[in-house]
Amino acid sequence: MDERYEPAAVERSAQQYWNEARSFAATEDPSKGKFYCLSMFPYPSGRLHMGHVRNYTIGDVLTRFARMQGRNVLQPMGWDAFGLPAENAAMANGVAPAKWTRDNIAYMKKQLQALGFALDWEREVATCDPSYYRWNQWLFLRMREKGIAYKKTGVVNWDPIDQTVLANEQVIDGRGWRTGALVEKREIPMYYLNITAYADELLGDLSSLGGWPERVKLMQANWIGRSEGAEISFPLADDARSALRAAGQAGDALKVFTTRADTLFGVTFMAIAAEHPLALAAGARNPELQAFIDECRRGSTMEADVATMEKKGRRTGLHVLHPFTGKPVEVWVANYVLMGYGEGAVMGVPAHDERDFEFASKNGIDIVTVVRPHDGSWQKAEAPWQVSYGDYGVIVDSGEFSGLESMAAVSAIAAALDKKGLGRKRVQFRLRDWGISRQRYWGCPIPLIHCEHCGEVPVPDEQLPVVLPEDLVPDGSGNPLGKTPSFWKVDCPTCGKPARRETDTMDTFVDSSWYFLRYASADNAKAMVDERVKYWLPVDQYIGGIEHAILHLLYSRFWTKVMRDLGLVTVGEPFANLLTQGMVLNHIYSHQPAEGRRTYFNPLDVDEEEQNGVKRWYATRADGSRLEVNYDGLGTMSKSKNNGVDPQSLVEKYGADTARLFMMFAAPPEQTLEWSDEGVQGAFRFIRRLWTAVYQHVSAGPAAPVDKSALNAAQKDLRRAAHQGLTKVTDDIGRRRTFNTAVAAVMELLNAVSRFDDRSPQGRAVAQEALEIAVIGLSPIVPHVCHELWKALGHREAIVDVAWPTVDRDALSQDALTLVVQVNGKLRGQITVAVDADEASIRAAALADETVKRFIGDATPKKIVVVLRKLVNVVV
RNA sequence: GCCCCGGUGGCGAAAUCCGGUAGACGCAGCAGACUUAAAAUCUGCUGGCCGUAAGGCCGUGCCGGUUCAAAUCCGGCCCGGGGCACCA
């Protein structure tokens, strides 16, 4: 071996070996336990970023570890290749999204290969390939046949200047990002997937996901948001009835859903969404109200905006009747009620709901108390709002229901409503159906044809896939597909007359909802999936960013259940174990000129200076000039903040192993990781120390085997350190998934080997064993250098194929233990006792310790707590 | 605003299921060795305060509680991050 560690050469030769040996090509082998290790596939944005490196290194460590444990491992990779950034790049550079995307894939694939991941590239998929997305289309048609896919109107952001639909991220402060025009809401027909039909199962099955982080399950449960309550109909008063009729609509009642039917007698107003039919009917005869409705419709639909905006409302002048008292209740239009939620209408009970309280106070609406607290702490709900107004209690002033407990009242009121035909108990989910239509080009075409004579006609299976033309370049004004007659001008498959092809494409979450199934059948051109999914699924370990905790994971779970119900797969849950890795953060530096835009500076170009305890930061610009900048704290690495670190330059400077080691060592995988250049150098230094230690050891020639019966105390100590280290590394990687502590354990072992200076045959034998354990233990994390070091240690077999070693229990055995002694819970001394010492002798030894005696003084111990193998606490 | 997570030395962190020696391991810093010199490398020290030392006191975001014993459990608060349905 070379004396110096040269990462480039080491990595080239290790990668060449894996390629030639096809080390990571997976084949189905029922005789071996399988391990399907999957990392979330990347969006091909152009270059890998550090989040990818972290994600894929975690997956790779687990993959290589499982391989060495004898599992049949599949670790595939692919590309989430449809999406908005390709269209944005097209607009900026005039390149077709297809070319941009494929060039990016080619480049990023090289980057992934340079990092030495144990990937089976023979199963690679890209969602923009017709051979992939044809199955989106095929399954969509199956869902449509089953009624799971259906059409209804949905609200979108409309840019009136570009005449185009905008994504939420393209709307900045209510204006289009390119045109600056005020964005309008528009209702258009869209296709939806009936995920709410699976809501109960998606919620219930969470409890079977033992290998998922609790917090992710909790987030999903909250998202699904099952609530038990009642649906209540408020009959329309004559004014409302006639207004609706005038608007050409029919209706007898205003329906709401509430979890607090017990507060029904406290209703003093009704609030409806601006898009509610009753609101539109009222607006038609009231210009002022219509203006307010228009204003609401311009507002954001994003939950965060709706929740934080000022709650505004206007009276409609129309009324509904209370289902029990028959008293008229006025209907208001409110900007915080959304048409897409529940019934698009809520009953207003200001005394017992904070939002209603705020609304009523502002608009001079009555507040009627109908619940009293058990502790009698208040009688009447009055300003300011108190949290306990919303609690359950005893019902008052509610007719026949007065005196009931809230819980009992909910049931009794629902039952009474049921009898009157004005309501019933109902379960409501917060979860809404999944709208998959996108008025965009770079996505999977929806396989439908609109015919004047036959209506909506599915593209026949044998004509799939509907291929997306790849030569279009979006310009920001509308969907290019709509301007391409060669795409949309088709003959109706049913009647043969001229018809129009659907030009909307699918949400890219569709693409990523089943790619993990396709890897198992990637080469099958005849079917979406085949029997090989039975062998590989479920995924044994899924790894991805915490930012996907809800949407992607929920959609994938839903899609898998649909495919199961269609008989295509046998599993109901796709991911048995989930690891959500934290984000990669870096410092943010910016400069805000008196006029103009804030500019961000890359941390690499910023120096810190400290004068008189005051820190200042200076950026060096491309022309060499310096500028004082602000430090804005830590944030996720992003282009917009210019605080990304390019993995490529890191690999070129230090090698892939250093990049991998730093990522694994700097923080446990689930936590955020702060970038540190010094930390990277430290990782590199450690690899070099390991290299030097092995070099010095093997330079003295081959070592003899260990003779366990012929070891002196120091040799036994090193063996114990080695096997303790192995125990820890095995547990940390295999069970705890804390790679940072696994690395620390190997570092400790290497420190012990370095201190150990014994050139005797048994000394060298023990050193050899310790170095082998260090190299094996580190090999899943830094596979290239370990490949080389393993050879240098005298082995023929490549380390990638070596079995993970077992711990030698004999090496761990010890004769004596050190216990700590506390007096009143404070550490006062240490005692050494035999491993098998009984409690009485430990007690005696503790009381005999000089320092302990000093602290006990004349007092008699009241209590002595002995925790075996750990400590003694003397209480005086 | 709502849901979820986190907060421990100058810094990243460790203390594992189920409360038991707080700060493993690394970075940065300081001192020393090697060198003509520098870099690299190696060795030692490194939570704060008091003390020549032995040793003592304080210390895990803040306030309070449970316990022989709390970073860990409970209640309340402050701060930071993630998600909120068309970014992926």
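Every chain is numbered from 1 and lettered A, B, ... according to where its sequence line falls, protein lines coming before strand lines.
Side-chain proximity of A:R430 to B:rG1, B:rG20, B:rA85: nearest is B:rA85. Looking at the side chain of A:I546, the nearest of the listed nucleotides B:rG20, B:rG82, B:rG26 is B:rG82.
Rounded to whole Å, the separation between the P atoms of B:rG65 and B:rA71 comes to 15 Å. Using P as the reference atom, B:rG64 and B:rG80 are 24 Å apart when rounded to the nearest Å. The C1' atoms of B:rG61 and B:rG81 are separated by 15 Å, rounded to the nearest whole Å. Comparing the P positions of B:rU72 and B:rC62 gives an interatomic distance of 11 Å, to the nearest angstrom. Across B:rG56 and B:rC3, the matching P atoms stand 48 Å from one another, rounded to whole Å. Taking atom P on both B:rG29 and B:rA39, the two are 11 Å apart, rounded to the nearest angstrom.
Residues satisfying the ring pair (Phe, Tyr, Trp, His ring centres under 6.0 Å) test with A:F357, not counting sequence neighbours, are A:W385. Partners of A:K653 by salt bridge (charged side-chain N to carboxylate O under 4.0 Å, His left out), not counting sequence neighbours: none found. Looking at residues two or more places apart in sequence or on another chain, you find a salt bridge (charged side-chain N to carboxylate O under 4.0 Å, His left out) between A:R178 and A:D162.
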Contact list (N/O, under 3.5 angstrom) for nucleotides 42-51 of chain B vs protein:
none

Show each protein N/O and nucleotides 2-4 of chain B N/O combination with a separation under 3.5 Å, one pair to a line.
residue : atom : partner : partner atom : Å
B:rC3   : O3'  : A:N222  : ND2          : 2.9
B:rC3   : O2'  : A:N222  : ND2          : 2.5

Under 3.5 Å, which N/O atoms of the protein pair with N/O atoms of nucleotides 55-57 of chain B?
residue : atom : partner : partner atom : Å
B:rC57  : OP1  : A:R828  : NH2          : 3.2
B:rC57  : OP2  : A:R828  : NH1          : 3.2

Which atoms of nucleotides 67-78 of chain B (N or O only) lie under 3.5 Å from a protein N or O atom, and what are those distances?
residue : atom : partner : partner atom : Å
B:rC68  : O2'  : A:N873  : ND2          : 3.4
B:rC68  : O2   : A:N873  : ND2          : 2.6

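We find that CD of A:E674 is positioned 12 Å from C1' of B:rG6, with the value rounded to whole Å. The separation between A:Q220 atom CD and B:rA85 atom C1' is 13 Å, rounded to whole Å. One interatomic measurement links the two molecules: CZ of A:F558 to C1' of B:rA85, which rounds to 14 Å at whole-angstrom precision. Between the C1' atom of B:rA24 and the CD atom of A:Q724 lies a distance of 13 Å, rounded to the nearest Å. Protein atom NZ of A:K217 is 25 Å distant from nucleotide atom P of B:rG82, rounded to whole Å. Rounding to whole angstrom units, CG of residue A:D80 and C1' of B:rC87 are separated by 11 Å. One can place CZ of A:R438 at 11 Å from C1' of B:rC87, the figure rounded to the nearest angstrom. Per the geometry, CG belonging to A:L338 stands 18 Å off P belonging to B:rG1, to the nearest Å.
One finds no side-chain N or O of A:N168 lying less than 4.0 angstrom from the OP1 or OP2 phosphate oxygen of B:rC84. Contact annotation: A:S676 side-chain N/O to B:rC27 OP1/OP2 distance is not under 4.0 Å. OP1 or OP2 of B:rA13 sits under 4.0 Å from a side-chain N or O of A:Q671.
Ion pairing of A:E214 with A:K217 is present here, as a side-chain N (NZ or NE/NH1/NH2) and a carboxylate O approach within less than 4.0 Å. Between A:R843 and A:E839 there is a salt bridge, with a side-chain nitrogen of the basic residue lying less than 4.0 Å from a carboxylate oxygen of the acidic one. With salt bridges taken as basic N to acidic carboxylate O contacts below 4.0 Å, one links A:E310 and A:K362.
Identified under the side chain to side chain donor-acceptor pair (under 3.5 Å) test for residues 745-756 of chain A, with sequence neighbours left out: A:R689-A:N751.
If you look at A:Y132 and A:W514, their ring centroids are closer than 6.0 Å. The six-membered or imidazole ring of A:Y515 lies away from that of A:W79, with a centre-to-centre distance of 6.0 Å or more. Checked against the 6.0 Å centroid criterion, the rings of A:Y43 and A:F82 do not qualify as a close aromatic pair. Remark: aromatic rings of A:Y555 and A:W434 are close, center separation under 6.0 Å.
For the pair A:K311 and A:F359, the cation-pi test (distance below 6.0 Å, angle within 45°) is failed. Remark: A:R688 fails to qualify as a cation-pi partner of A:Y5 under the 6.0 Å distance and 45° angle criteria applied to the six-membered ring.
As judged by a 4.0 angstrom heavy-atom cut-off over every strand, A:Q439 is placed among the base-contacting residues. Contact annotation for A:K728: base contact, defined as any heavy-atom pair under 4.0 Å involving a base atom. If you check every strand for non-hydrogen atoms under 4.0 Å, A:M40 touches nothing. Using a 4.0 Å heavy-atom cutoff across all strands shown, A:H552 reaches no nucleic acid atom at all. If you check every strand for non-hydrogen atoms under 4.0 Å, A:E670 touches nothing. Note on A:D731: a base of the nucleic acid sits closer than 4.0 angstrom, heavy atoms only. Among the heavy atoms of the strands lying under 4.0 Å from A:F509 is at least one base atom, whether or not backbone atoms are also near. Using a 4.0 Å heavy-atom criterion, one finds that A:P668 contacts the sugar-phosphate atoms exclusively. Among the heavy atoms of the strands lying under 4.0 Å from A:L431 is at least one base atom, whether or not backbone atoms are also near.
Counting only Watson-Crick and G-U wobble pairs whose two distances sit under 3.5 Å, RNA chain B takes part in these stems of three or more pairs: B:1-7 with B:78-84, B:10-12 with B:25-27, B:29-33 with B:41-45, B:47-50 with B:55-58, B:61-65 with B:73-77.
For residues 185-195 of chain A, proximity to RNA chain B is found at A:M190, defined as any non-hydrogen atom under 4.0 angstrom from a strand atom. Shown for residues 734-748 of chain A: residues whose heavy atoms fall under 4.0 angstrom of RNA chain B, namely A:R735, A:R736, A:N740, A:T741, A:A744, A:M747, A:E748. Listed by residue number, the members of residues 660-667 of chain A with any heavy atom below 4.0 angstrom from RNA chain B are A:F665, A:A666.
Of the options A:F686, A:W675, A:F684, a ring-ring contact (aromatic ring centres under 6.0 Å, His included) to A:F662 is made by A:W675 and by none of the others.
Of the residues near RNA chain B, A:Y555 and A:A683, the one whose nearest nucleotide (by heavy atom distance) lies more toward the 5' end is A:A683.
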